[in-house]
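Read through the structure below, which is laid out as structure tokens, and then see the notes.
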Amino acid sequence: MIPFLDLKAQYTQIKPEIDAAVMGVIASGNYVLGPQVEAFEKRFAAWCGTTECKAVNSGSSALHLALLAAGVGPGDEVITVSMTFVATAAAILQCGARPVFVDVDPLTWTMEPARIPQAITPRTKAILPVHLHGLMADMDPIMAVARRHGIVVIEDAAQAHGAEYRGRRAGSIGDLGCFSFYPGKNLGAYGEGGAVTTSNPELARKIALLRDWGQEAKYRHVVAGFNYRMDALQGAVLDVKMNHIDAWTRARRAIAAIYDHLLADSGLGRPTPPRHCRHVYHVYAIRHPRRDEALRALQDAGVGVGIHYPVPVHLQKAYETSRFPRGALPVTERLAAEFLSLPIYPEMQPEHASEAAQLLTGASLAAAQ
Ligand SMILES: *Cc1c(COP(=O)(O)O)cnc(C)c1O
């Protein structure tokens, strides 16, 4: 058995630190926001290269509040991608705005900047690129077109903790960055969690208000807000995990290097980070022309696999519109049919990566290409 992911293996390694932090919170009597969350926010902002971080209760809440803080509202349009988790598009709809999907680059699988200009209308309020699988979108041209049109850029960095683009970290290039700390993410809480990063104090102030019922002071509500606060337990867990995130990222990259090496001559599409990008491999996906067959063969051999994502957002029943029918985003749709995610996590045994790669290059699957 080669699991897709093993969260217990990580806890086992850091149990004493985690247990002490968790017991400390329980004994403190403070369970929501508070000093542990503030300590984590400071540390995470510095690590991302921003001046501000506001912790919330999920990555989905982070996206919702970032869009609201950027002034996105009813009738507005937000340019994004369809090759993402539904939360990206759902957050736009929650603001009363409409997602306008552009296709992705066939090699990097992230937003194709050349497609943005023709998607811009007078209603375009923001661009929301997604750093898919841990590789940052091509931010320079995205920022350039946004600045030319006076449009806000919000990074969906939910899969990209510590990823870099020309030496700058995910969450620090756009006006706002949104992170998820869902347990399986590269930096995961023991429950739900998320954060918004920014170096704009005014945007940070708005996020802080919106996550806590718009309270400027106790029972003084200056804007209508939400209960999107982070639990103290999650803040404490995340603060402990910050001690290890850099080592875990290196371990992920080492597993990815094994796949890269063993699949180099396979003819299969693999992650192709540009030289100036540091990929953090939340997911290691390949493209397989007979994906479903490969998926079954790996599963039958006891290898945990996944697909991120099998159905793009514009073809999901809940998010379909006449503006983006089947065929509207050919690269995205092709990737959805070919993507196959291999097991990858920091504690993974290198031999397991070799075994999974050998199954893919072995007689039956290689012949199938
Ligand atoms: C996980 C994820 C989200 C949502 O984060 P939650 O913490 O699960 O709400 C949003 N966007 C992307 C790209 C994600 O991977």
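First listed ligand is number 1; within each ligand, the first listed atom is number 1.
Counting atoms of ligand 1 from 1 in the listed order, those under 4.0 Å from a heavy atom of T84 are 13 (C). Atoms of ligand 1 lying under 4.0 Å from any heavy atom of G59, numbered from 1 in the order shown and given with element: 5 (O), 6 (P), 7 (O), 9 (O). Counting the atoms of ligand 1 from 1 in the order shown, those under 4.0 Å from a heavy atom of T88 are 11 (N).
Ring-plane geometry between H161 and F181 is classed as tilted, the angle between the planes lying from 30 to 60 degrees on a 0 to 90 degree scale. Ring orientation note: the planes of F44 and F179 are nearly perpendicular, at an angle over 60° on the 30°/60° scale. Ring geometry, H308 versus F4: the interplanar angle falls under 30°, so the pair is classed parallel (tilted spans 30 to 60°).
Of the protein's heavy atoms, D156 OD2, 2.8 Å lies nearest to atom 11 (N) of ligand 1. Nearest non-hydrogen protein atom to atom 8 (O) of ligand 1 is S180 OG, 4.0 Å.
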Exercise for review: Step by step, work out the salt bridge (charged side-chain N to carboxylate O under 4.0 Å, His left out) result for R229 and D212.
Suggested key: CA-CA 6 Å; R229 299 175 299 239; D212 189 21; 2.8 Å; yes

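By heavy-atom distance, the residue among M83, K185, E192, Q159 lying nearest atom 3 (C) of ligand 1 is K185. When the heavy-atom distances from atom 4 (C) of ligand 1 to S60, A195, G193 are ranked, the shortest goes to S60.
Counting heavy atoms of neighbouring residues, nucleotides and ligands inside a 6.0 Å radius, atom CZ of R147 exceeds 12 of them.
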